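Bear in mind the structure is a predicted one, so any value in this text is a computation, not a measurement.
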Amino acid sequence: MASRENHPLPSLLREHSARRASQSRAYPHRARCGRFQRRGDSRATCVPLLVLLVSLPTTLLRPTTASPPDVSALYTVRLRSAPSVASYRGGLAGYPATAVWDSDPNANATDASSDDAANSAPAPSSSSSSSSSALSSGGGVGIASVASVTAAAAAATNGLGRLGRLIRRPRLNVKAPAVRAFKQLLQRMQQAVVQDSGVDAGKVVYSFKHASNGFSATLTPAQVQRMKRHPSVASVTRARVVRPATTDSYKFLGLPDSLWAAAGSPSDAGDGMVVGIVDTGVWPEHPSFDDTGFSSTLPSGWSGTCPTTNDFTCNNKIIGGGVFHDGFESGSTTVDLSSDWMSPRDAAGHGTWCASASAGNNGITIPNKGSASGMAPGARLAIYKVFWQSGGSMYATSPDIVAAVDQAVADGVDVLSLSLGGASPYDTYFDDVPFISVNAAGVFVAFAAGNEGRPSAFAATGYRTLCNFSPYYMTVGASTIVRGGASLTSKSTAAAALESPTNSTAPTTTTTSPSSSSASTVSTLSGARIPAAISPSTSSAPVVAYFSSTGPLAKPWGSAPAAYPSNTILKPDILAPGVELYGAAPGSTVGNTGGFQQLSGTSMATPHIAGIAALIIQQHPDWTPSQVMSAMQTTARTTSLSGGAIKNEYGAAATPWEAGAGHVVPARAVDPGLTYDAGEQDFKNFLAGQNLNKARGEFGSASLKAVAAKNLNRPAISLPKVNKKAKVTRTVTNVADTTSTYTVKIKKPAGVNVKVSPSRFTIAPGQRKTFTVTVVVKWASSSFKFGSLTWVDDQGHSVRSVLAVQPTTACWFGC
């Protein structure tokens with residue numbers, strides 16, 4: 001592979017570079033060079049790192065002896081009073097909006113050495129722990145009192161202009177004076193909170209400014225309590241530990257004859273897009289990542305760099321990367337460098353697989369198996385390593401992941417893919433608040449649903465196993481495929497209700513299936529297979545994989561926090577291929593080209609959706625992330641190739657709690673007709689509807705309006721515990737080039753009457769139309785019942801929404 005000798009973009013200083021004094025003394029060469037090289041090797045070139053996309057592993061490992069990293073004293077603190085950089089579209093203190101959002105990444109640029117001086121971490125010193133902090137003062141910016149910083153924030157953000165819709169190009173210009181000034185302001189605010197709480201600045205591990213305003217630090221119990229009482233602190237959350245959750249899949253999805261053809265050729269599919277993978281790393285010598293034919297001119301808006309070491313280098317396909325492990329090593333745990341590299345090189349294989357599935361090159365031969373390709377073979381890749389070995393398993397900490405996502409927004413990534421899961425899922429929608437800013441920055445995010453399968457008491461208790469349930473991103477379940485040329489577009493794709501054929505309740509038969517506790521047999525890094533006893537016939541594909549995690553969200557893994565989310569956000573959102581698929585695998589030694597491995601998991605499905613999203617964005621650069629999600633959901637397929645409803649691997653028709661909207665069909669998603677859009681303010685109002693006081697503490701009281709979760713403008717409509725009657729509102733946007741007249745078709749859930757008003761409308765290109773959906777319960781039940789409403793026009797568009805209703809109390813009169 002060609003090395004990148006002359007990167008055309010200037011370097012940026014790394015913000016998230018906490019360097020504890022003890023580590024500086026123990027490993028001075030690693031502290032000096034950002035810890036990119038293997039221990040004992042001081043020859044590697046030091047390059048500042050940036051993070052791009054995230055595709056964190058969902059392969060939920062269950063080793064005999066697990067040894068997760070020690071993060072018992074590590075916390076993430078989010079601040080109020082001022083938002084993250086991505087939350088504002090206007091300039092600061094008189095800067096115009098174009099100074100913040102600019103299509104030219106080098107506009108208003110200054111020398112990289114002076115950029116973000118107050119945010120960079122100076123080289124650690126053995127005599128002062130505070131000098132190694134991610135919040136160390138620099139560039140003459142001193143620590144101010146909370147009152148003065150808050151006042152400065154109010155003055156700086158007063159009267160900020162807003163852009164009605166964020167266009168994906170231009171992107172956030174991290175080098176603009178307005179952005180640098182605002183980041184320095186956030187830096188001073190964070191410094192003030194740290195000082196006021198009596199925390200040594202050297203205990204700060206990361207500072208977040210782009211997708212979140214806050215920091216991660218190791219804290220004592222007393223400091224945690226002081227932080228929680230601090231007037232500028234919105235939340236203090238203990239760090240979490242997570243674990244990592246193709247031959248014919250691109251043919252099965254119909255890409256060669258649809259989105260690849262629309263782009264011009266496979267090598268053009270995804271051109272101009274950057275897909276970043278935050279995972280276990282990558283094997284750069286693999287032919288899936290060869291840069292032959294790729295231009296040395298990088299995509300507009302990309303401002304990342306490559307952390308070149310003696311064992312890792314980038315090229316024109318893999319254009320950036322980095323390592324994040326300060327959270328992992330914040331306690332007593334250290335990275336085992338006897339079996340891994342302190343660079344983006346992959347020792348486990350999971351990240352290499354995900355990178356090849358999302359944007360690996362086309363036409364890569366797998367011996368005796370055919371050819372392989374990523375979903376967006378013309379896209380570039382950036383690799384960021386956040387998973388590290390401990391006790392024979394791979395782990396990542398939430399601060400390392402948040403740091404990667406925060407930097408991704410600054411870098412101008414197009415898509416984030418997080419194949420991430422674990423036995424300790426987030427408990428409330430507020431835990432995912434940084435992803436609101438990621439969405440606001442125009443970045444599409446795909447999250448894995450998890451590999452815990454459906455619980456044995458699914459119908460009786462409503463327990464869920466799904467990990468990632470917030471509406472700010474797309475949650476992906478896994479399905480089977482057909483090999484040998486058949487595709488989702490080769491047969492009729494007429495919409496059919498995704499529901500049980502009789503009473504719409506979830507079946508409980510488990511006699512011939514493994515329990516959910518055995519899901520690790522299909523989701524290990526070694527690539528295990530689905531047991532033959534439950535492998536579906538190819539003609540019935542797609543089938544929901546038995547390990548694919550499910551809703552509803554009745555109880556979080558046996559506990560029930562008061563603020564736990566309701567079932568008004570239906571998840572998962574979509575299905576994608578994730579069973580027994582081949583992808584790239586690492587080699588045995590540096591320089592070896594590597595091979596291939598067969599893996600299963602929602603980790604495998606997630607990079608498929610990330611790559612497809614890149615293809616859709618390439619065709620529609622003006623769509624918001626929510627519109628991209630909507631397009632995939634409303635055009636999803638709900639029938640198998642044999643013509644019946646999509647089933648689960650227990651043989652029953654899958655419900656939306658298992659399959660979401662259905663299986664993604666890229667050819668249809670690129671032309672959905674109508675989209676449902678939701679943005680930053682919508683999500684903040686949604687959180688205000690969940691807990692107004694907490695939302696005010698998180699965002700401030702300005703412009704917050706409590707909106708019921710059922711009215712968040714998503715395609716799916718879920719109504720839990722309906723007492724007689726319920727009404728919701730939705731708004732659609734015409735993204736087609738012509739004026740169309742749409743008529744609604746309703747498939748009623750069992751025992752429920754449904755009325756849509758208006759039932760017919762004419763809509764011009766770019767125009768928005770609002771409608772209401774009223775449901776009336778005729779027959780009560782404790783179980784969810786499923787149906788759909790579909791808007792159909794005379795141009796061939798069919799815009800389908802899942803309708804899930806839990807009809808608790810019947811209404812016989814006066815409804």
Point to revise | Min side-chain heavy-atom separation Val282-Phe289 under 4.5 Å | key: yes
Exercise for review: Say whether, by atom type as modelled, one donor and one acceptor occur between the side chain of Lys571 and the main chain of Gly551 under 3.5 angstrom.
Suggested key: no
Review point. Under 3.5 Å, is there a donor-acceptor pair between the side chain of Ser548 and the main chain of Gly477?
Key: no
Review point. Does Phe328 reach the side chain of Val386, with side-chain heavy atoms less than 4.5 Å apart?
Key: no
Review point. What are the two closest heavy atoms between Gly578 and Ala478, and how far apart are they?
Key: CA-CB, 4.0 Å
Practice item. Please find out if less than 6.0 Å separates the ring center of His663 from that of Phe252. Key: yes
Point to revise | Phe324 side chain near Pro399 side chain, heavy-atom distance below 4.5 Å | key: no
Point to revise | Derivation of the side chain to side chain contact (heavy atoms under 4.5 Å, CB included) call for Met375 and Val275 | key: CA-CA 11 Å; Met375 300 300 100; Val275 177; over 6 Å; no
Practice item. Using a 4.5 Å cut-off on heavy atoms from C-beta on, say whether the side chain of Val590 contacts that of Trp341. Key: yes
Check your understanding: Has the side chain of Thr589 got a donor or acceptor atom that lies under 3.5 Å from a matching backbone atom of Asn592?
Key -> no
Review point. Taking the side chain from Ser356 and the backbone from Gly583, do they hold a donor-acceptor pair closer than 3.5 Å?
Key: no
Exercise for review: Let me see the working for Asp411 and Trp302 under side chain to side chain contact (heavy atoms under 4.5 Å, CB included), right down to the final yes or no.
Suggested key: CA-CA 6 Å; Asp411 289 347; Trp302 167 247; 3.8 Å; yes
Exercise for review: Using the salt bridge (charged side-chain N to carboxylate O under 4.0 Å, His left out) rule, collect all pairs that involve residues 466-481, keeping only residues at least two apart or in two chains.
Suggested key: none
Check your understanding: Which residues pass the side chain to side chain contact (heavy atoms under 4.5 Å, CB included) test with Asn362, sequence neighbours left out?
Key -> Tyr250, Trp260, Pro266, Ser373, Pro377
Practice item. Using the test side chain to side chain donor-acceptor pair (under 3.5 Å), find all partners of Thr365 that sit at least two apart in sequence or belong to another chain. Key: none
**Study point:** Interatomic distance, Ile383 atom CD1 to Ser343 atom OG [nearest 0.5 angstrom]
**Key:** 11.5 Å
Check your understanding: Does the side chain of Pro284 reach to within under 4.5 Å of the side chain of Thr313, using non-hydrogen atoms?
Key -> no
Review point. Between the side chain of Thr475 and the main-chain N/O of Phe447, is any donor-acceptor distance below 3.5 Å?
Key: no
Check your understanding: Met632 and Val664: which non-hydrogen atoms are nearest, and at how many Å?
Key -> SD-CG2, 3.8 Å
Check your understanding: How many angstroms lie between CG in Asp290 and CG in Asn316, if you round to the nearest 0.5 Å?
Key -> 10.5 Å
Practice item. Among Gln597, Gln598, His608, find the residue that satisfies the side chain to side chain contact (heavy atoms under 4.5 Å, CB included) test when tested with Leu581. Key: His608
Practice item. Using atom types as modelled and distance alone, determine if a side-chain donor or acceptor of Thr309 lies under 3.5 Å from a backbone N or O of Asp311. Key: yes
Point to revise | Minimum heavy-atom distance Pro572-Trp657, with the two atoms named | key: CD-O, 3.2 Å
Point to revise | Separation between CD of Glu658 and OH of Tyr546, rounded to the nearest 0.5 Å | key: 14.5 Å
Point to revise | Nearest non-hydrogen partners of Ser207 and Asp406, listed with the distance | key: O-OD2, 4.3 Å
Exercise for review: State which residue, out of Val335, Thr333, Thr334, fulfils the side chain to side chain contact (heavy atoms under 4.5 Å, CB included) condition with His325.
Suggested key: Val335
Check your understanding: CZ of Phe547 to OG of Ser600: how many Å apart, nearest 0.5 Å?
Key -> 5.0 Å
**Study point:** Rounded distance [0.5 Å steps], CD1 in Ile609 versus OG1 in Thr602
**Key:** 12.0 Å
Review point. For Val415 and Met273, what are the C-alpha separation, side-chain angles and deciding distance, and is it a side chain to side chain contact (heavy atoms under 4.5 Å, CB included)?
Key: CA-CA 8 Å; Val415 179; Met273 301 291 104; over 6 Å; no
Check your understanding: Is there a donor-acceptor contact under 3.5 Å from the side chain of Ser358 to the main chain of Pro607?
Key -> no
Review point. Do Val278 and Ile401 have side-chain heavy atoms sitting under 4.5 Å apart?
Key: no
**Study point:** Side chain His286, main chain Gly595, donor-acceptor under 3.5 Å
**Key:** yes
Check your understanding: Which heavy atom in Pro344 sits nearest to a heavy atom in Pro307, and how many Å separate them?
Key -> CG-CG, 3.8 Å
Exercise for review: Test side-chain hydrogen bond (donor to acceptor under 3.5 Å, both in side chains) on Tyr473 and Asp573 and set out the steps.
Suggested key: CA-CA 9 Å; Tyr473 46 72; Asp573 294 307; over 6 Å; no
Practice item. For Ser398 and Arg240, indicate whether the former's side chain and the latter's backbone hold a donor-acceptor pair under 3.5 Å. Key: yes
Review point. Can you name the nearest heavy-atom pair linking Asp340 to Ala347, along with the distance?
Key: OD1-CB, 3.5 Å
Check your understanding: If you round to the nearest 0.5 Å, how far is CZ of Arg380 from SG of Cys314?
Key -> 12.0 Å
Check your understanding: Would you say the side chain of Cys467 lies within less than 4.5 Å of the side chain of Ser549, judging by non-hydrogen atoms?
Key -> no
Point to revise | Main-chain N/O of Lys317 paired to Asn315 side chain as donor or acceptor, under 3.5 Å | key: yes
Check your understanding: Checking side chain to side chain contact (heavy atoms under 4.5 Å, CB included) against Val71, which of Thr218, Thr397, Asp400, Val205 comes through?
Key -> Thr397
Exercise for review: Kindly determine whether Cys306 and Phe312 satisfy side chain to side chain contact (heavy atoms under 4.5 Å, CB included), including the steps that lead there.
Suggested key: CA-CA 9 Å; Cys306 178; Phe312 185 87; 4.2 Å; yes
**Study point:** Side-chain touch Tyr206/Thr76, heavy atoms, less than 4.5 angstrom
**Key:** no
